[in-house]
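A short write-up of the structure that comes next.
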Protein chains: 2
Amino acid sequence: MPNPIRYGSQTTRIRKVLEEQIDQGLLRPGDKLPSERELSALFETTRITLKDALLALEAAGRIYCEDRRGWFVSRPRLMYNPQYRIHFHEMVTMQNRQASTQVLSAASTLATPELCRDLNLQPLTPVIKIQRVRSVDGRAVKYVEHNLIASRFPRILDHDLTQSLTCLYKEQFGYSYGRARFEIYPTAAQGIIAESLNLADSSPVLFIKRINYDQNGQILDSDLEYWRHDAVCVSIDSG
Amino acid sequence: MPNPIRYGSQTTRIRKVLEEQIDQGLLRPGDKLPSERELSALFETTRITLKDALLALEAAGRIYCEDRRGWFVSRPRLMYNPQYRIHFHEMVTMQNRQASTQVLSAASTLATPELCRDLNLQPLTPVIKIQRVRSVDGRAVKYVEHNLIASRFPRILDHDLTQSLTCLYKEQFGYSYGRARFEIYPTAAQGIIAESLNLADSSPVLFIKRINYDQNGQILDSDLEYWRHDAVCVSIDSG
DNA sequence: TAGTGGTCTAGACCACGGC
DNA sequence: CCGTGGTCTAGACCACTAA
């Protein structure tokens, strides 16, 4: 018994209804959706079909899922221009949002083959690896792994790593940023990346790799950033 | 009766096995995977579970799906630096790949509200809208919509639009590109975008908006690009 | 026309989050 | 402890592709 109004498919119908509720402001950014069971009862369908509709809305960036916590309406994307090395907190504050940072780990280790390529290092060179999670309005949106060439940052681990690394570089080591190279592509979050972003394994994320150079053109470090894919809009100006 | 070797979950197990086959070269870029029914029999599971594994590999960019045609192993991502306005064909050829272009439509229309914002136009200004699909190695990877300010491009519709627009701008109108502005974020393909890329509705794509200026800083046009999300790696240099 | 993925049903148990 | 999403079973019919 098909629905009297046809939309092409059940999932399309559900998607459009939910989308309209969001557009009309009945469901507002940050709001929690009813549970999948409630929604599937509401739309008189199964959880699998209902979930397909939710996944479509997630892909479009309209809603997001917190692992085992529920589905929520997305907030506007954070505008992020990686060319300007302004502090994360400053960038977020300028957009009238709340920022916070959590350090997951910070330790000295040896460069992996991929890191050697990126940072132009000899095999087995020591690097300092710092893992951090950055949140906006209380939601974890970016997992980032900094890889610093150890010899250029003596005793950096003694400092407070919650703050802006840009500041630390400048104040403690006299480095300021010169040029940088970026790679940007969508991928899937695995392991600690998924965990720290409260994502289910293999959820889509936007990956941004940056290789940073100092004011003299010497390589400083690389940042591997994984963004929740609905939370960011990369914005770039080119001359 | 769980599998003797545990991987955390069925889908993880299936994903890892397929990933290994790809890594080892037993399944090579461009190869077609067995059908979902064959694979689910092979892994002794249902199509839904099997599909979850395929979706995870798709999110990671390892495989892709052609609507109702089957699943294929992804080729290496095309490196794309939007700062350089070299021709698409030239860029693709330089990476030892085969390029082709198809024009879906080209017509004069009136600027939508969003276009007015992007191009800084008065309401109801005429624009020329060109829809194209670009393929690499025979696979449609990018849907692009060009929106030209009509008054700046008299009679452009009389020309061959399969070729590079950059060339056409230069040769017919004396325009060369100055600066450009970009926005990049993941979203979902709907309607003609999904169709022209042979994607199922609401499949994930990487969206790139560019606003192009001429050598005198005057706005020329905007490009709305939708890339198959496994097919591209955006690469940017910043001074 | 045969085979493909797209969609859908009607359930079930599990692991984890939060009270 | 209960509610949540995560995972999974065992089927079914449909729309479209490709030969």
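Proteins come first, then strands; the chains are lettered A, B, ... in the order of their sequence lines, and each starts at number 1.
At whole-Å resolution of the value, CG in L55(A) and C1' in dC8(C) are 15 Å apart. With rounding to whole Å, R13(A) atom CZ is found 10 Å from dC8(C) atom P. In this structure, D52(A) places its CG atom 10 Å from P of dT9(C), rounding to the nearest Å. Between the CD atom of E44(B) and the P atom of dG11(D) there is a distance of 14 Å, rounded to whole Å. The distance between atom CG of N198(A) and atom C1' of dA15(C), rounded to the nearest whole Å, is 15 Å. At whole-Å resolution of the value, CD in E36(A) and P in dT9(C) are 15 Å apart. What separates CG of D201(B) from P of dC14(D) is a distance of 21 Å, to the nearest Å. Atoms NZ (K32(B)) and C1' (dT17(D)) sit 11 Å apart, rounded to a whole Å.
When each of R97(B), R28(B), R139(B) is paired with R75(B), the side chain to side chain contact (heavy atoms under 4.5 Å, CB included) condition holds for R97(B) and for no other.
The phosphate of dG11(D) has neither OP1 nor OP2 within less than 4.0 Å of any side-chain N or O from T46(B). Between T45(A) and dC8(C) there is no side-chain N or O to OP1 or OP2 distance below 4.0 Å. The side chain of K51(B) contributes an N or O atom lying less than 4.0 Å from OP1 or OP2 of dG6(C). Checking the phosphate oxygens (OP1, OP2) of dT9(D), a side-chain nitrogen or oxygen of Q10(B) falls inside 4.0 Å. For the pair S9(A) and dG6(C), the criterion of a side-chain N or O lying under 4.0 Å from OP1 or OP2 is not met. Proximity of T49(A) to the phosphate of dT9(C): a side-chain N or O atom is located under 4.0 Å from OP1 or OP2.
Between S74(A) and R62(A), the side chains place no donor N or O within less than 3.5 Å of an acceptor N or O (distance only, hydrogens not considered). There is a side-chain donor-acceptor pair under 3.5 Å between E145(A) and Y143(A).
At the heavy-atom level, E38(B) lies under 4.0 Å from the strands shown only through sugar-phosphate atoms.
Between R77(A) and E183(B), no side-chain nitrogen of the basic residue sits less than 4.0 Å from a carboxylate oxygen of the acidic one, so the salt-bridge criterion is not met.
The nucleotide whose nearest atom lies closest to any side-chain atom of I48(B) is, among dG6(D), dT9(D), dT4(D), dT9(D).
When each of R47(A) and T11(A) is assigned the nucleotide of DNA chain C bearing its nearest heavy atom, the one mapping closer to the 5' terminus is T11(A).
Applying a 4.0 Å cut-off to non-hydrogen atoms, the residues of residues 56-74 of chain B that approach DNA chain C are C65(B), D67(B), R68(B), G70(B), W71(B), listed by residue number.
Taking the six-membered ring where tryptophan is involved, the planes of W227(B) and F88(B) are tilted, since the angle between them lies from 30° to 60°.
Here the side chain of E36(A) pairs no donor or acceptor atom with the backbone of L50(A) at under 3.5 angstrom. Under a 3.5 Å cut-off, the side chain of T49(A) and the backbone N or O of T46(A) do not form any donor-acceptor pair.
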